[in-house]
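Nothing here was measured: the structure is a model prediction, and the numbers come from that model.
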Amino acid sequence: MEGEARKRLKHAMEENEQEIIDGTSLEIVEKVETDTNIVGSEEMELNIAHIFEKIEHFTQMVSELLESGKAMFKEMTNEFEERLISIHKEEMEKWQEEIKVLRLLDASNEEASGILHNARYVLQNPHIDS
């Protein structure tokens with residue numbers, strides 16, 4: 001993955017360099033290049049090399065930050081998913097328990113209703129011996 005991030009950063013840098021070269025900037029660059037065809041001083045070359053080192057270091061740092069961020073988001077995503085599944089499971093268990101209680105209550109009510117119905121029948125029909 002780190003390679004992909006570095007490629008994207010390098011591509012973005014190349015596009016930026018291309019934008020500088022395109023258009024009127026190209027004329028200026030060509031003029032500077034023809035005026036300075038003479039090899040630059042060692043100090044200038046060292047400064048340029050130092051800038052390239054900074055670019056490489058910065059690119060590496062950004063790449064590492066991207067990878068670190070991706071890993072962090074992936075871990076957070078996994079934790080979120082696990083917690084959401086856990087919450088779902090807890091709610092399902094709670095509702096299943098509610099259903100069980102309602103069924104027990106319904107069975108108890110049906111039994112009580114049957115007993116009351118029988119008692120009412122016996123009270124309305126006193127001539128029937130139990």
In Å and rounded to the nearest 0.5 Å, what is the [atom1] to [atom2] distance from [X] to [Y]?
{"X": "Asn47", "Y": "Ser41", "atom1": "CG", "atom2": "OG", "value": "8.0 Å"}
{"X": "Glu79", "Y": "Leu84", "atom1": "CD", "atom2": "CG", "value": "13.5 Å"}
{"X": "Asn109", "Y": "Leu102", "atom1": "CG", "atom2": "CG", "value": "10.5 Å"}
{"X": "Ile115", "Y": "Glu111", "atom1": "CD1", "atom2": "CD", "value": "5.0 Å"}
{"X": "His88", "Y": "Glu93", "atom1": "NE2", "atom2": "CD", "value": "11.0 Å"}
{"X": "Ile51", "Y": "Ile55", "atom1": "CD1", "atom2": "CD1", "value": "7.0 Å"}

Original post:
Hey, is Lys94 close enough to Glu91 for a salt bridge, meaning N to O under 4.0 Å?
Top reply: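 Result for this pair is yes, salt bridge flagged.
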**OP:** Report yes or no: does Asn125 contribute a side-chain atom to a donor-acceptor pair with the main-chain N or O of Tyr121 at less than 3.5 Å?
**Re:**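 Yes; judged by distance alone, with no hydrogens or angles, the pair exists.
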Original post:
Can you tell me if Thr77 uses its side chain to pair, donor with acceptor, with the backbone of Phe73 under 3.5 Å?
Top reply: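 Indeed, once roles are kept as given, a pair shorter than 3.5 Å links the two residues.
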Original post:
So, do Ser68 and Glu64 sit near enough that their side-chain heavy atoms are less than 4.5 Å apart?
Top reply: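 In short, these two side chains do not touch, never coming nearer than 4.5 Å.
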Subject >> Side-chain touch Lys100/Glu97, heavy atoms, less than 4.5 angstrom >> reply: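 They are in contact (side-chain heavy atoms under 4.5 Å apart), so the answer is yes.
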Subject >> Over 12 non-hydrogen atoms of neighbours within 6.0 angstrom of CD in Glu98 >> reply: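 Yes - once you tally the heavy atoms of other residues, nucleotides and ligands closer than 6.0 Å, there are more than 12.
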